[in-house]
Every structure is written in C-alpha cells, then in structure tokens.
Protein chains: 2
Amino acid sequence: MLHIGLVDDHTLFRKGIISLIEMACTQPVQILFEAANGLELQALIGSATAPDIIIMDINMPDMNGFDSVLWLKETYPAVPVLVLTMMDKEEYIIRMLKMGIKGYLSKDVEPKELGEAIHAVSNNGYYYTDFITGKLISTLQQYDEHGRSLSPLNERETEFLRLACSEYTYYEIAALMHLSPKTVDGYRKALFEKLSVKNRVGLALYAVKHDIVKL
Amino acid sequence: MLHIGLVDDHTLFRKGIISLIEMACTQPVQILFEAANGLELQALIGSATAPDIIIMDINMPDMNGFDSVLWLKETYPAVPVLVLTMMDKEEYIIRMLKMGIKGYLSKDVEPKELGEAIHAVSNNGYYYTDFITGKLISTLQQYDEHGRSLSPLNERETEFLRLACSEYTYYEIAALMHLSPKTVDGYRKALFEKLSVKNRVGLALYAVKHDIVKL
DNA sequence: GCGCTATACAGGAAAAACCCTGTTTTTCAT
DNA sequence: ATGAAAAACAGGGTTTTTCCTGTATAGCGC
C-alpha cells in the first residue's frame, strides 16, 4: 500500500487527482491527508503515519510550496516530495531541486505520467523528465562566455531592486539603504545592464516576473 | 444523457474533472470533447452534436476564456457556458457575466458543488452562488458617492497603461497612440489620481496586479 | 607588494518625468 | 440645439531619472 499526502490549494484539483490516482493506479494507494497549503500540511502530517510521497503545489496562500518543502526537509527529511505545478520557470525548478525534491511535474501532463512519476519516486527515489533536463540546460546557458552569471543578483542589488518597485525616489532609496544617491545611481546603471532593461519600469517588471517582489 | 464540453489547458485538471464528473454525477453524462484552449474548442465543437454545457477556464494560452466565450456567443449562442477558474477578480466575473455566461465557479470548491452547478445550468439555465453575489456587491461599492466609477478604465486609458508598462518614453507612447505628448501627460496625471499611485512604477505594478498586462 | 576586482562615491549635464494652470474641440444627453 | 462633461492639447516650470567619465578604498590571489 502506497501512502500519499496531497498539498494543493484548489479543492477541485485535489479531488480530481485523487480520483485519477485511485482509478488509474495499478498499485493500491491510500490518500493519507489533503492540505490546502503548508500550514495545513504541518497540522496534518503528524496525525498519520509518514506518507511514502507528498505531492506538492507551489503557488498556495499562507504558506507556499518553497516554505513547505523547506520545513519538510528539516522535520521529515526522509519523505520524498513530488512537485506538481503549472509553474515551469527555470528558477522555480532549480530552487526546488536544490531543496532536494524528488520529482517535478507539470500539471499539463497525462494522468499516466503522474502515475509513472508516483511509482518512480516510491521505487527508484526520483523522477526527472526530459522537460527538467531541458530547463536545467537552458539555465546553464544563462552564463555568458566569460562564465559569469548573468542574472543572480547579490544581496544589495536585490534589496535595491525591491525598493525600486515602489514609489520612493532613488534619493529616498539611497537614504533607506544608507548609501549615497550616487552609489544608488551606480546600482541602477549596473542593473539596467545586467537585466537588459532601459528604465525603472523595466526593473519593476523584471522583479515581478522573477518573484523578487510579490504583488 | 448530459453532453459536456471541457475547455482547460491543464491536462491533469481536465482528466481529474472528468473522473470526478463520471464518478459523482447521478445523471449519466458524456464528455463530448476536451480542448486545451479556444482554438481547439473551435476545431472540436463542430465535430460532435452541440454540448449541453461547456465548462471553461479563463487563463489559457493562444486563445483565452474571454475570446472563447465571445466566439461561442456569436457562433453557438444557445450553448450555456459554466466558467470554472481560479481567477476570482471582480473584473473577470463582471466581464464574463456581461458576455452572458450561465455560471461562475471557483476551482476551490468541493466536487459536489461542481455537480450541482452542472445540473443547475442544464436544468434551470444558470447557477450563481453567494460568492458571485458578493463580488457583484463589492463591485457596485467601487463607485464613489457621486456615482462615478473609481476604477474602470476606458479604452484609451487602458491602452496607455499597457504602453506605460514598457520601455517607451511618454513621448514615444504619444506617437504610438497618435496623440500629443501633452495629452499623454494628462493621461498619466489622471491615472496617478485614479489608481492612487505616485509614479510610473506604480502604474506598471497596478497593471500587472489587475492583469491589464501579462508578464 | 602588485595587480585585479568589487564597492562606494562625485561632478556635470541632458533627457525624461512630473505637475501646475488654462484653452480648444468633441461628445453626448436632454 | 445647446449646455455640460470629457478628451485633446499647450506653456512653462520643477524634480527626477538617466548617462557620461573619473576617483578612492577594501579585499583577495599569488
């Protein structure tokens, strides 16, 4: 018997997945718990035997997939996580892989593949598709010919970018960061170059797109 | 026999819904077709008898829910549409209701409610919950004491806002809109007031937040 | 010590954004 | 048709952003 924990904020999606798993799986499975977010997961996971696999979404209210996996790795490091999400941004996959998830699946797959992924994770310990491999390669290609990383921003730059997504003037941002306005001016210029944008709007949209600021 | 058409870009979600409908429905149902977006819907709907109900998502690639409903109302005006989405923004609901959809359901409901909605639409012709009513009321409250609308942007303002979320200067935006830079200046000022923002970054973030521009 | 790199900082200037006030034109309801 | 509202537009000003070039300092490898 395969014990599954399911973490996704959309009830209909959860129920649909459960229905599919129960119908399609060759192996007998049992849904140990359903959680709408990380907080519910924390409350529910202790009340049963540890699941053989946790299927996890990323975008969830209150406590998202990243924080949930982080907590799981500290508290239940042995429980494998299969991320099932429609977010297919490179950064998300990379970030999740670094956290030690065992598989990453798009919601845009056939039920058959979900079944295969579940069994692969429980039998082999992992399930990575060509899709993931492709994303990883495209990430590697985000380094320029000098081997320098193009996008990873450092602490100060990230802080500046966050503040640039506001109604503060650069002068005010400088004060908030305890820097000279001229230094902030340098940051702006450097980021324009790094992120290939031409003005502050470009910075703001980049930050939103890459979840450096949340809306 | 109840004939259903399903339009949603996520395969797993579609299959899950089908599994749920087939298991839970008291009445015998048949899934006439599955489409991943409006284009697929256009291609598939003619190849079968007209469905008794179409279940439709909003966020879809290539051709979204709005355009799909628009097309349906022109081509198959008699086919009722039940919108099933996770987008619960007032503007979306209002826009869809104006287009004449027969029901609006969040993906965050119990399967039971989906079944009820399907039967209500096919029997009574519509299914509107308290959730919708609440959203409608909160929309009505978006008018100030003078009865003026606070947020609904008109065509030109929306177009301007879209262009403001770019790296064009206001001067260039004026040219693109065939207006004087001074008029565009007026738009900017008016929108700052309307949207309670202080600079162009505020405009851009508002636009993203309200899905006036997509990232 | 000697380069190398990253960070913090300046002067100066041009461009763009921002913010008033006020005029003309278009639209539209009665 | 006509008066009110909305849209388009200007003059002219201040502030902010953007973009140069160039300097000082601190850390690090060898």
Side-chain angles (χ1 to χ4, degrees), chain A residues 142-209 212-213, chain B residues 142-209 212-213:
Chain A
Q142 283 185 354
Y143 294 81
D144 66 14
E145 66 278 6
H146 306 294
R148 285 184 307 226
S149 166
L150 290 179
S151 72
L153 273 35
N154 64 35
E155 276 303 316
R156 290 301 262 176
E157 282 174 332
T158 304
E159 190 185 347
F160 164 74
L161 190 50
R162 258 188 253 277
L163 289 167
C165 297
S166 71
E167 301 188 328
Y168 292 123
T169 66
Y170 288 128
Y171 189 86
E172 291 170 324
I173 290 173
L176 288 167
M177 291 180 73
H178 305 291
L179 291 175
S180 143
K182 285 298 182 178
T183 302
V184 164
D185 198 44
Y187 276 110
R188 194 196 53 248
K189 205 190 164 205
L191 281 188
F192 280 12
E193 176 77 19
K194 262 195 197 180
L195 310 180
S196 309
V197 301
K198 293 178 70 178
N199 61 17
R200 193 167 165 179
V201 170
L203 288 184
L205 295 181
Y206 178 96
V208 171
K209 208 178 298 187
I212 289 157
V213 291
Chain B
Q142 284 184 353
Y143 294 81
D144 66 15
E145 66 278 7
H146 305 292
R148 285 183 307 224
S149 166
L150 290 180
S151 71
L153 272 36
N154 63 36
E155 276 304 316
R156 291 300 263 174
E157 282 174 333
T158 305
E159 190 186 348
F160 165 74
L161 190 49
R162 258 188 252 279
L163 289 167
C165 297
S166 70
E167 300 188 329
Y168 292 123
T169 66
Y170 287 128
Y171 189 86
E172 291 170 324
I173 291 173
L176 288 168
M177 291 179 74
H178 304 292
L179 292 174
S180 143
K182 284 301 180 178
T183 302
V184 164
D185 200 43
Y187 276 109
R188 193 195 55 246
K189 203 192 166 204
L191 281 189
F192 280 11
E193 177 78 18
K194 263 195 196 179
L195 310 180
S196 309
V197 301
K198 293 177 71 179
N199 61 17
R200 192 166 166 181
V201 170
L203 288 184
L205 295 182
Y206 177 96
V208 171
K209 207 178 298 186
I212 289 158
V213 292

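Sequence lines set the chain letters: A, B, ... in the order given, protein chains first and strands last, and positions in each chain run from 1. When reading the values below, keep in mind they use all heavy atoms of this one structure, side chains included, and skip hydrogens, waters and symmetry mates.
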- Task: Show your reasoning for whether side-chain contact (heavy atoms from CB on, under 4.5 Å) applies to A:F192 and A:L203.
- Result: CA-CA 7 Å; A:F192 280 12; A:L203 288 184; 3.6 Å; yes
- Item | Test side-chain contact (heavy atoms from CB on, under 4.5 Å) applied to A:Y187 and A:E157, step by step | CA-CA 7 Å; A:Y187 276 110; A:E157 282 174 332; 3.9 Å; yes
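From B:L205, atom CG reaches atom CG of B:N199 across 8.5 Å, with rounding to the nearest 0.5 Å. Taken from OG1 in B:T169 to CG in B:L163, the straight-line distance is 11.0 Å, to the nearest 0.5 Å.
For the side-chain contact (heavy atoms from CB on, under 4.5 Å) with A:L191, the qualifying choice from A:L161, A:T158, A:V197 is A:L161, the only one to do so.
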Side-chain donor/acceptor pairs under 3.5 Å, residues 175-182 of chain A, sequence neighbours excluded:
| from | atom 1 | to | atom 2 | distance (Å) |
| --- | --- | --- | --- | --- |
| A:S180 | OG | A:K182 | N | 2.9 |

- Task: Spell out protein contact along nucleotides 9-22 of chain D as letters: B when the base is contacted, S when just the sugar-phosphate is, - when no protein heavy atom is under 4.0 Å; keep the 5' to 3' order.
- Result: BBBB----SBB-B-
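Straight-line distance from the CZ atom of A:R156 to the P atom of C:dT7: 11 Å, rounded to whole Å. Following rounding to the nearest Å, B:E167 (CD) and C:dA15 (P) show an atom-to-atom distance of 19 Å.
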Polar atoms only, N or O, under 3.5 Å: list the protein pairs with nucleotides 26-28 of chain C and their distances.
none

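Panel note: side chain A:E193, backbone A:A190; no donor-acceptor pair is recorded below 3.5 Å. The main-chain N or O of B:I212 is found under 3.5 Å from a side-chain atom of B:R162 such that the two form a donor-acceptor pair.
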